[in-house]
Amino acid sequence: MKFRFALAIVASALVAFTGTAVAQQPIIIKFSHVVAIDTPKGKAAEKFKELAEKRLPGKVKIELYPNSTLYKDGEEMEALALGSVQMLAPSLAKFGPLGVREFEVFDLPYIFDDYDELHKVTGGPAGKALFKKLESKGLIGLAYWDNGFKILSSNKPLKLPADVRGQKMRIQSSQVLAAQMRALGALPQTMAFSEVYQALQTGVVDGTENPPSNLYTQKMHEVQKHAILSDHGYLGYAVIVNKKFWEGLPADVRAGLEAAMAEATVYANTIAKQENEQALEKVRASGKTQVYVPTKDERAAWKKALVPVHKEMEARIGKDTIQAVYAETGFKPD
Ligand code: LMR
């Protein structure tokens, strides 16, 4: 009897001990992304970690995995659904394969003239409506993070749309981007971001498009002789979490993370433009890629070649979504 009593005490002490030990473990949030740390997204992720861990000391630990070190494109969405990673910030061009084709509205050529127009969408009802669509896929959109406007690069000089004809151009997994390249007479090749440098180096593809920050930090400028400041399209991100995971967090933790995310988002969207300007300067200074600035007429020619993609992709993206974005930005296709 005495022995059983002693055993019961030991057992309950053990339960109490493990219970406390478990309660003291911080919640681990793995945040995976595909770009370098020294980019708008890489820096914003670092900022989020710093702010979240400061707000919730001992309660959360944010583990950052930049540069496709944990998952690459094509793997990370599945990993999020399975709970192997808790937070991602994929480019808005990567939601089509998930079945949320409306996000490809962000890929339409020339739909935003500048960051101010973009922010009207990401900070307004159209941006909210897009996030709502993620919920049926088991995801929650926490924030839109900026990157920048894309430049086209190749080993051949690029001045006019005809210069891209026949070239194999790497794109992200967006049907709008595929249509955009076809409109130029180029051959679109969808490929994970982590593979682009090597594909350019070995000639698997001839060229690509990205904001300067991505071009520079992946050293693509070392394997591309020419680029044009076409600013023909935008590339930015949605920070997403698994809905079940997020809603299962203790309320105080979720609130703290939301506040940290709001602050990190202000930071992200403040630094993006400058980060890209600085990266472009570094590309120029390297002397490896000649950066061409199109004239007004050349720019008009690119626009003329690419704007028909809006109409072509209307059925895929949805007329309502496109019109909602036009309403915010004042874009007129003709
Ligand atoms: C790309 O694949 O080119 C970009 O989406 C990478 C990124 O996350 O900026």
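Note that ligands are numbered from 1 as they come in the structure, with each ligand's atoms numbered from 1 the same way. In this text the structure is predicted, and so the values were computed from the model without any measurement.
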| remark: Test side chain to side chain contact (heavy atoms under 4.5 Å, CB included), reference L257, set L142, I29, I27, V241, output is I29

| said: I'd like to know if the side chain of S153 pairs up with that of Q224 as donor and acceptor (distance under 3.5 Å, no hydrogens or angles considered). | reply: yes

| request: For K94 and ligand 1, answer yes if some heavy atom of the residue is under 4.0 Å from a ligand atom, otherwise no. | output: yes

Which donor-acceptor pairs under 3.5 Å do side chains of residues 306-315 form with protein atoms, sequence neighbours excluded?
| from | atom 1 | to | atom 2 | distance (Å) |
| --- | --- | --- | --- | --- |
| H310 | ND1 | Y326 | OH | 2.7 |
| H310 | NE2 | P109 | O | 2.7 |
| K311 | NZ | E314 | OE1 | 3.3 |

| Per-atom contacts, ligand 1 versus L235 - under 4.0 Å to a heavy atom | 4 (C), 9 (O)

| message | If we set the cut-off at 4.0 Å for heavy atoms, which region of N214 has an atom near ligand 1: side chain, backbone, both, or neither? | response | side chain

| message | Give me each pair satisfying side chain to side chain donor-acceptor pair (under 3.5 Å) with a member in residues 209-223, each pair once, sequence neighbours excluded. | response | N67-Q218, N147-S213, K150-E209, Q180-E209, E209-H232, N210-N214, S213-N276

| Heavy-atom nearest neighbour in the protein, as seen from atom 7 (C) of ligand 1, with distance rounded to 0.1 Å | V35 CG1, 3.3 Å

| remark: min-distance protein heavy atom vs atom 8 (O) of ligand 1 -> K41 NZ, 2.7 Å

| When you check the gap from the basic side-chain N to the acidic O, do R170 and E195 get nearer than 4.0 Å? | no

| Atom indices of ligand 1, in the order listed, that fall short of 4.0 Å to a heavy atom of N210 | 3 (O)

| said: Can you report which non-hydrogen protein atom sits closest to atom 5 (O) of ligand 1, along with the distance? | reply: Q172 OE1, 2.6 Å

| request: Give a yes or no on whether a salt bridge exists between R55 and E263, defined as a side-chain N under 4.0 angstrom from a carboxylate O. | output: yes

| message | Tell me the protein heavy atom at minimum distance from atom 9 (O) of ligand 1, and give that distance in Å. | response | Y237 OH, 2.5 Å

| field | Electrostatic pair E281-R284, nearest N-O below 4.0 angstrom | value | yes

| request: Under 4.0 Å from a heavy atom of S91: give me the atoms of ligand 1 that qualify, with their elements. | output: 5 (O)

| field | Same cluster (ILVMFWY, side-chain, under 4.5 Å), L98 and F245 | value | no

| query | Can you find an N/O atom of R170 closer than 3.5 Å to an N/O atom of ligand 1? | reply | yes

| Sub-4.0 Å heavy-atom contact, V196 with ligand 1 | no

